[in-house]
Amino acid sequence: PHNVGAILRSAGVIGARADGIGLDGVAPDAALTVVKACWYSDPTSAKAACSSWTLAKAVDFAINEKVGVINLSLNGRPDDLLARLLAAAHRRGIVLVAAAAEERDDPGFPAALDIVIPAISCDVDGTVSSPRWRSADFVAVAPGRDIVVPVPHGRYTLLSGSSLAAAHVTGVVALLLQQQPDLTPDQIQPELRASAHPGPESAARSELGL
């Protein structure tokens with residue numbers, strides 16, 4: 001059930017379909033491909049563990065399925081194999097969105113890759129706790145605090161973190177691709193910049209107008 005819960009959280013934010021009693025996803029008409037790559041070693045923990053091998057297999061599967069955007073609501077140490085696979089995904093026209101570390105001195109991996117759109121969270125008023133790092137040229141800021149997400153057994157809960165922000169950004173990318181299917185990853189980021197509100201620190205840091 002914990003693996004199901006993790007899947008539900010991101011999938012619900014990205015593409016939940018309104019049924020009158022639950023939540024509305026950002027892109028409810030998007031077709032979701034769910035690939036399990038992580039597990040919970042501690043059933044009481046809210047954080048899952050992933051290995052280079054399981055993540056690599058998941059990304060490889062997504063590439064072969066020709067998905068339009070990959071949501072990476074995760075963060076960790078650099079990995080050469082995964083970086084090469086993500087570069088291959090980018091070359092094949094797949095947009096990559098990843099959760100950035102908000103309490104470290106760097107965005108973390110894979111958010112620090114220049115082919116990835118890094119995402120950090122804001123609250124309902126658009127307030128951002130700016131991370132210590134300043135290495136990314138563009139950071140997408142999206143709702144990620146006290147977000148209503150589905151959990152198993154038809155229930156809902158409130159969660160926070162950049163993983164929820166990444167899911168919101170992924171949903172926005174899905175909407176863009178629904179309208180303009182031929183957009184490339186290198187065209188998506190300018191589209192996000194054009195529709196974003198500049199953040200308080202600099203024009204290079206932008207907040208998505210969701």
Side-chain angles (χ1 to χ4, degrees), residues 6-16 25-38 48 50-101 107-121 135-142 144 162-196 206 208 210:
I7 292 168
L8 280 174
R9 290 196 289 270
S10 293
V13 170
I14 296 168
V26 177
D29 293 328
L32 301 182
T33 300
V34 178
V35 186
K36 178 182 174 182
C38 305
C50 315
S51 74
S52 170
W53 177 239
T54 57
L55 286 171
K57 289 197 297 182
V59 172
D60 181 64
F61 180 86
I63 292 172
N64 289 321
E65 288 293 300
K66 300 179 180 179
V67 302
V69 53
I70 296 177
N71 175 67
L72 297 157
S73 285
L74 50 87
N75 195 279
R77 296 189 299 272
D79 183 273
D80 289 341
L81 173 61
L82 192 54
R84 291 172 62 185
L85 277 168
L86 292 175
H90 181 268
R91 289 194 300 271
R92 296 192 185 192
I94 299 173
V95 183
L96 306 167
V97 180
F109 180 86
L113 297 175
D114 58 9
I115 57 173
V116 173
I117 299 171
I120 59 175
S121 63
S135 55
D137 177 57
F138 175 82
V139 180
V141 181
S162 60
S163 61
L164 283 308
H168 275 95
V169 176
T170 299
V172 171
V173 172
L175 290 176
L176 285 170
L177 292 174
Q178 286 173 8
Q179 295 297 318
Q180 303 179 68
D182 294 331
L183 283 176
T184 68
D186 292 332
Q187 293 171 323
I188 288 286
Q189 192 173 112
E191 289 282 344
L192 293 179
R193 285 179 181 270
S195 61
S206 300
L208 288 178
L210 302 179

Subject >> Audit row: Phe109, Arg77, side-chain contact (heavy atoms from CB on, under 4.5 Å) steps and yes/no >> reply: CA-CA 6 Å; Phe109 180 86; Arg77 296 189 299 272; 6.0 Å; no
Subject >> Salt bridge present between Asp79 and Arg84 (N-O < 4.0 angstrom) >> reply: no
For [X], which residues count as a side-chain contact (heavy atoms from CB on, under 4.5 Å) partner, sequence neighbours excluded?
X     : value
Ala27 : Ala30, Ala174, Leu175, Gln178
Arg91 : Ala87, Ala88
Asn75 : Ala101, Arg104, Ala111
Leu72 : Ile70, Leu74, Leu86, Ala98, Pro110

Exercise: identify the closest heavy-atom pair between [X] and [Y]:
X      : Y      : value
Ile120 : Ala100 : CG2-CB, 3.8 Å
Ala166 : Ala99  : CB-N, 3.8 Å
Ala165 : Ala119 : C-CB, 4.1 Å
Leu81  : Ser52  : CD2-OG, 4.1 Å

Name each donor-acceptor pair under 3.5 Å that joins a side chain in residues 185-192 to protein atoms two or more places apart or in another chain, with its distance.
unit_1	atom_1	unit_2	atom_2	d
Asp186	OD1	His90	NE2	3.3
Gln187	OE1	Thr184	N	2.9
Gln187	OE1	Thr184	OG1	3.4

**OP:** For Ser162, check side-chain hydrogen bond (donor to acceptor under 3.5 Å, both in side chains) against everything at least two apart and list the hits.
**Re:** none
Subject >> Residue list, side-chain hydrogen bond (donor to acceptor under 3.5 Å, both in side chains) with Thr54, at least two apart or on another chain >> reply: Ser51
Original post:
Atom CZ in Arg9, atom OG in Ser73: separation rounded to 0.5 Å?
Top reply: 9.5 Å
Solution key, residues 55-66 side-chain donor-acceptor pairs under 3.5 Å, sequence neighbours excluded:
unit_1	atom_1	unit_2	atom_2	d
Asp60	OD2	Asn64	ND2	3.4
Asn64	ND2	Asp60	O	3.2

Subject >> Passing option when Val173 is tested against Val95, Leu96, Asn71, Leu183 for side-chain contact (heavy atoms from CB on, under 4.5 Å) >> reply: Val95
